[in-house]
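The structure under discussion appears below in the form of C-alpha cells.
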Amino acid sequence: MTTLDEFFRIGETITLGSHTFGAEEIKTYARKFDPQPFHVDEEAAKGTLFGRLCASGWHTASTWMKYNLQHREDVGETPWDGPGPRPQFGPSPGFEKLRWLKPVYVDETVTFTRRATGHRALATRPGWRILTMACEAFDSTGDKVLEFESAVLVKTG
C-alpha cells in the first residue's frame, strides 16, 4: 500500500525542467511587471550594478511556477493504492524565504527543481493536508539563482 510520503516523494529532488531566458522575453516580461532599467534596456543596464540586461527575479520565480504546474502531479512510477481517494493538489497558501541569489543574464539556461520536505494534517480542514517544499533554480554552471520554501494544500480525504 502506497504511503503519502511515497506518493509525495518526500526528500527526493525532482527536476521540473529547464528554460533559456532570451533578451526579448526578459524585456517583455519586465515591461509588464518589473520595468527597471536593468530588465528593459540593454544600454541602460550597462550602467547598473548588474552591468548588463538580466531577468527580473519575479520572472525567474514565475517561470519556476510554470514548470512546477506542468509537473504538479508528477508522483513517479508509484500509482496511488493507499487509503481513500487519490490525493488532489489544491491551491498554495503562500511561500517564505524567497531569495534571488544570482542574476539570470540573457541566454542563460536555468533548471528548476523542487523537493517535498514534509506534510501534515490541517486541523481546521478535515481531509486536507499541507505539503511543504524546498524550491530552487540553478544556472548552467550549477550555481543556485533562486530559492524559496513553498506549500500546497492537498485533499486526501
Query raised in the report: Are Lys27 and Glu42 within salt-bridge range, i.e. N to O under 4.0 Å?
Result: yes
Membership question, hydrophobic clusters at under 4.5 Å side-chain separation (ILVMFWY): are [Y] and [X] in the same one?
{"X": "Trp100", "Y": "Val145", "result": "yes"}
{"X": "Val104", "Y": "Leu101", "result": "no"}
{"X": "Leu153", "Y": "Leu69", "result": "no"}

From [atom1] ([X]) to [atom2] ([Y]), nearest 0.5 Å:
{"X": "Ile130", "Y": "Arg120", "atom1": "CD1", "atom2": "CZ", "answer": "5.5 Å"}
{"X": "His71", "Y": "Thr113", "atom1": "NE2", "atom2": "OG1", "answer": "12.0 Å"}
{"X": "Ser150", "Y": "Asn68", "atom1": "OG", "atom2": "CG", "answer": "7.0 Å"}
{"X": "Leu53", "Y": "Asp41", "atom1": "CG", "atom2": "CG", "answer": "8.0 Å"}
{"X": "Glu96", "Y": "Glu149", "atom1": "CD", "atom2": "CD", "answer": "6.0 Å"}

[X] side chain to [Y] backbone, donor-acceptor under 3.5 Å:
{"X": "Glu6", "Y": "Thr3", "result": "yes"}
{"X": "Ser92", "Y": "Ala151", "result": "yes"}
{"X": "Trp128", "Y": "Lys155", "result": "no"}
{"X": "His39", "Y": "Arg31", "result": "no"}
{"X": "Thr48", "Y": "Ala44", "result": "no"}
{"X": "Glu108", "Y": "Ser140", "result": "yes"}

Is there a side-chain contact between [X] and [Y] in this structure, where contact means two heavy atoms from C-beta onward sitting under 4.5 Å apart?
{"X": "Phe8", "Y": "Val154", "answer": "yes"}
{"X": "Val110", "Y": "Phe21", "answer": "yes"}
{"X": "Phe112", "Y": "Thr60", "answer": "yes"}
{"X": "Arg9", "Y": "Ile14", "answer": "yes"}
{"X": "Lys102", "Y": "Asp139", "answer": "yes"}
{"X": "Val106", "Y": "Ile26", "answer": "yes"}
{"X": "Thr15", "Y": "Thr111", "answer": "yes"}
{"X": "Phe148", "Y": "Trp64", "answer": "yes"}

**Report entry** Residue that, paired with Leu131, satisfies side chain to side chain contact (heavy atoms under 4.5 Å, CB included) out of Leu4, Ile10, Thr156
**Finding:**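 In the set Leu4, Ile10, Thr156, the residue that makes a side chain to side chain contact (heavy atoms under 4.5 Å, CB included) with Leu131 is Ile10.
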Query raised in the report: Run the side-chain contact (heavy atoms from CB on, under 4.5 Å) check on Thr132 and His119 step by step: do they pass?
Result: CA-CA 6 Å; Thr132 54; His119 58 92; over 6 Å; no
Requested in this report: For residues Tyr29 and Trp58, establish whether the separation of their ring centroids is below 6.0 Å.
Outcome: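 Centroid distance Tyr29-Trp58: not below 6.0 Å, so no.
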Report task. Taking the six-membered ring for Trp and the single ring otherwise, decide whether the centroids of Phe33 and His59 are under 6.0 Å apart. Result ->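 No, the ring centres sit 6.0 Å or more apart.
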Report task. Determine the interplanar angle of the Phe7 and Trp80 rings, folded into 0 to 90°, and report it as parallel if under 30°, tilted if 30 to 60°, perpendicular if over 60°. Result -> perpendicular
Query raised in the report: Can you name the residues that form a salt bridge (Lys or Arg N to Asp or Glu O under 4.0 Å) with Arg99, not counting sequence neighbours?
Result: Glu147
Report task. Output all residues satisfying side-chain hydrogen bond (donor to acceptor under 3.5 Å, both in side chains) with Tyr67, sequence neighbours left out; order by chain, then residue number. Result ->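 Partners of Tyr67 by the side-chain hydrogen bond (donor to acceptor under 3.5 Å, both in side chains) criterion, ordered by chain and then number, come out as His19.
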**Report entry** side chain to side chain donor-acceptor pair (under 3.5 Å) assessment of Ser18 paired with Thr109
**Finding:** CA-CA 6 Å; Ser18 298; Thr109 299; over 6 Å; no
Query - Heavy-atom pair of closest approach, residues Met133 and Ala116 - result: CG-CA, 4.1 Å
